[in-house]
Amino acid sequence: MEASWRGRASGQPFFGMVTLATTHESFLFPEQAVRTTDLAVKTAARNSKLLAGKEKLTRPADVIVPPWLPDTPEVRQEIAAQYDNIAFTEKKLQVLLSDLEADGLADNTIVIVTTDHGDGFPRAKRSLYDSGIRVPLMIRLPGGEHAGEVRDELVSFVDLAPTILSTADTSVPAWIQGRDFLGSDRDFPNQYVFASSDRMDSAMDRMKAVRDERYKLIRNYRPEVPLLPRIAFREELRSMQAFRALSATNGLSRLQNSYFDTPRPTVEMYDTLGDPEETRNLAGEERLSAVQNRLAGALDDWLLRTPDWSAVTEREMVEMMWPAGHQPVTFAPNLRIEKMSDQAVNITLSSPTEGASLAWRYEGESDTEWRVYTGGTRIPAIACIDVKAVRYGYEASVNASKCMYSDEVLLPSGTHEVDE
């Protein structure tokens with residue numbers, strides 16, 4: 001909640017991604033640790049602090065336990081805690097909205113509320129069932145436009161980037177995935193959305209899924225891996241502990257027990273309308289063969305269009321990204337200056353390193369005052385600036401310095417020079 005639009009220049013546009021966090025899986029850990037692991041003890045202490053003031057609004061006896069979770073008192077307590085965490089987090093969201101209102105920004109700010117995955121319970125988080133990939137999505141537009149409207153259409157996370165760019169009146173690059181679901185592309189809704197899952201903490205897996213409005217197809221490329229391998233974070237959940245205890249005493253249902261079985265089916269298909277909890281695998285059924293073939297074809301087409309890094313071993317990826325184990329270095333930016341008047345110049349930055357982000361600041365400013373270069377930047381003709389380039393995974397470039405009124409470029413020796 002420390003992120004803020006405050007402190008920017010007057011009238012400066014802003015984009016903020018605020019992680020409210022308190023609905024995260026780890027906030028389901030008991031606030032009084034019931035296990036002695038370092039993770040349980042430290043997380044319990046953090047939860048006690050960050051969830052201070054949370055009300056207990058949900059009675060465990062009233063919750064609905066899905067068939068893929070054991071119905072035990074501990075699981076009911078955990079589900080009730082999740083509902084209470086959601087209510088607590090909504091109050092934090094209310095503070096953000098109130099701050100926008102108080103700062104006079106509510107009428108020209110678009111607010112998007114969503115989560116990064118489904119519920120934090122076993123068989124939800126880290127899975128490709130709807131319990132793991134279906135998320136809330138709420139959007140507040142300026143002036144109350146479309147207020148109260150509920151849309152029933154397929155939207156994917158990859159649609160967020162083009163939608164945000166479009167609402168900011170910025171062109172959407174042709175190479176970007178996804179569609180603008182608020183603008184002109186709304187007339188062409190998604191027929192399919194896609195999902196994938198591979199490494200989860202220390203557990204390796206590889207799954208792909210395609211979903212239309214009704215049916216979902218899942219491919220398991222590593223059927224030798226159970227759906228619920230041991231993952232340290234997940235083992236601290238009361239629901240996972242219930243799974244383990246009941247598994248040891250043969251107390252799980254056939255469905256629940258299947259999450260520990262190997263081999264898993266290589267193909268799963270579900271009717272999300274008739275079976276919203278996705279408990280009946282319909283793959284291979286003759287009556288749905290046309291549906292299965294259509295979904296499989298859509299998934300194959302997506303994989304042809306989309307690089308599948310989960311098919312590459314991590315050792316191979318490291319070698320591709322850091323040849324011979326050496327971290328690449330981002331080249332310093334090229335700087336071009338165009339005189340606009342006696343008082344101002346236009347600067348253009350580019351980088352020989354593909355994919356690098358460019359930044360600049362006035363000489364003497366601190367490391368917290370770098371500005372992301374976006375093109376067409378005008379500065380005073382008497383100014384001196386620093387520039388640098390950064391690419392994720394690479395070592396950042398050296399800082400180059402340039403005064404607009406001088407021909408000299410101050411750049412450490414042995415680095416890529418700045419052009420004019």
Side-chain angles (χ1 to χ4, degrees), residues 1-32 42-60 62-63 77-121 124-125 134-151 155 157 159-161 163-169 181-182 233 237 366 368-372:
M1 284 284 287
E2 294 181 1
S4 177
W5 51 85
R6 293 168 178 165
R8 73 195 196 289
S10 177
Q12 180 183 357
F14 69 93
F15 172 84
M17 179 175 170
V18 182
T19 303
L20 298 178
T22 39
T23 55
H24 184 261
E25 171 188 30
S26 60
F27 283 92
L28 291 174
F29 294 8
E31 293 172 44
Q32 297 295 324
K42 287 184 177 179
T43 305
R46 182 208 63 178
N47 289 358
S48 295
K49 178 181 178 181
L50 297 185
L51 293 174
K54 184 187 78 173
E55 297 179 82
K56 291 189 176 181
L57 304 170
T58 309
R59 288 179 2 115
D62 294 338
V63 305
Q77 290 168 11
E78 193 167 84
I79 295 173
Q82 178 73 337
Y83 282 120
D84 291 347
N85 288 352
I86 291 170
F88 180 76
T89 306
E90 286 176 339
K91 290 184 177 180
K92 296 166 75 174
L93 173 61
Q94 183 181 21
V95 171
L96 283 174
L97 297 178
S98 297
D99 286 348
L100 282 173
E101 190 77 40
D103 290 356
L105 297 170
D107 289 338
N108 62 353
T109 301
I110 297 169
V111 180
I112 300 174
V113 181
T114 189
T115 66
D116 58 345
H117 53 71
D119 287 324
F121 306 113
K125 183 175 181 177
R134 190 169 184 175
V135 300
L137 176 61
M138 299 176 286
I139 301 174
R140 193 183 77 169
L141 298 172
E145 183 180 1
H146 299 291
E149 181 178 320
V150 178
R151 296 186 183 177
V155 173
F157 280 142
D159 296 327
L160 288 175
T163 299
I164 291 169
L165 290 172
S166 177
T167 55
D169 293 326
F181 58 82
L182 290 180
F233 237 77
L237 294 174
S366 70
T368 63
E369 296 178 278
W370 286 101
R371 299 162 178 81
V372 176

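Everything numeric in this text was worked out from a predicted model, so none of it was measured. By convention here, the first residue in the shown sequence is residue 1.
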Indicate the atoms forming the closest heavy-atom contact of Asp107 with Pro142, along with that distance. O-CB, 2.9 Å
Please name the pair of heavy atoms, one in Glu101 and one in Ala106, separated by the smallest distance, quoted to 0.1 Å. OE1-CB, 3.4 Å
Please test Leu141 against Glu149 for side-chain contact (heavy atoms from CB on, under 4.5 Å), starting from the C-alpha separation and ending with a verdict. CA-CA 11 Å; Leu141 298 172; Glu149 181 178 320; over 6 Å; no
Look up atom CG in Leu28 and atom OG1 in Thr43, then write down how far apart they are to the nearest 0.5 Å. 11.5 Å
Under 4.5 Å between any side-chain heavy atoms of Thr89 and Phe27, yes or no? no
Taking everything shown except Glu369 itself, do over 12 heavy atoms lie less than 6.0 Å from its CD? yes
Greater than 12 external heavy atoms within 6.0 Å of Gln12's CD: yes
Are Pro60 and Ile79 close enough that some pair of their side-chain heavy atoms sits under 4.5 Å apart? no
Side-chain contact, heavy-atom cut-off 4.5 Å: Leu20 with Leu96? yes
Less than 4.5 Å apart, side chain to side chain, heavy atoms only: is that true for Arg6 and Asp99? yes
Applying side-chain contact (heavy atoms from CB on, under 4.5 Å), run through Trp5 and Thr109 and close with a yes or a no. CA-CA 11 Å; Trp5 51 85; Thr109 301; over 6 Å; no
Classify the ring geometry between Phe29 and Phe233 as parallel (under 30°), tilted (30 to 60°) or perpendicular (over 60°). tilted
Nearest atoms (heavy-atom pairs only) where Thr114 meets Pro136: OG1-O, 2.8 Å
Between the main-chain N or O of Ser26 and the side-chain N or O of Asn47, is there a donor-acceptor pair closer than 3.5 Å? yes
Any donor-acceptor pair under 3.5 Å from Thr167 side chain to Ile164 backbone: yes
Any donor and acceptor pair, going by atom type alone, linking the side chain of Lys54 with main-chain N or O of Phe88 inside 3.5 Å? no
Rounded to the nearest 0.5 Å, the OG1 atom of Thr19 sits from the NZ atom of Lys92 at a distance of 10.0 Å
Heavy-atom neighbours of Tyr83 OH exceed 12 at 6.0 Å: no
Residues Asp119 and Ala124: closest non-hydrogen pair is O-CB, 3.3 Å
Is there a donor-acceptor contact under 3.5 Å linking the side chains of Thr58 and Asp84? yes
Supply the atom-to-atom distance Leu160 CG to Met17 CE, rounded to the nearest 0.5 angstrom. 9.5 Å
Take Gln82 and Ile86 through the test side-chain contact (heavy atoms from CB on, under 4.5 Å) and record every step on the way to the result. CA-CA 6 Å; Gln82 178 73 337; Ile86 291 170; 4.3 Å; yes
Stepwise, does the side-chain contact (heavy atoms from CB on, under 4.5 Å) test hold for Asn85 with Thr22? CA-CA 6 Å; Asn85 288 352; Thr22 39; 5.6 Å; no
pair Leu100-Arg140: side-chain heavy atoms closer than 4.5 Å: yes
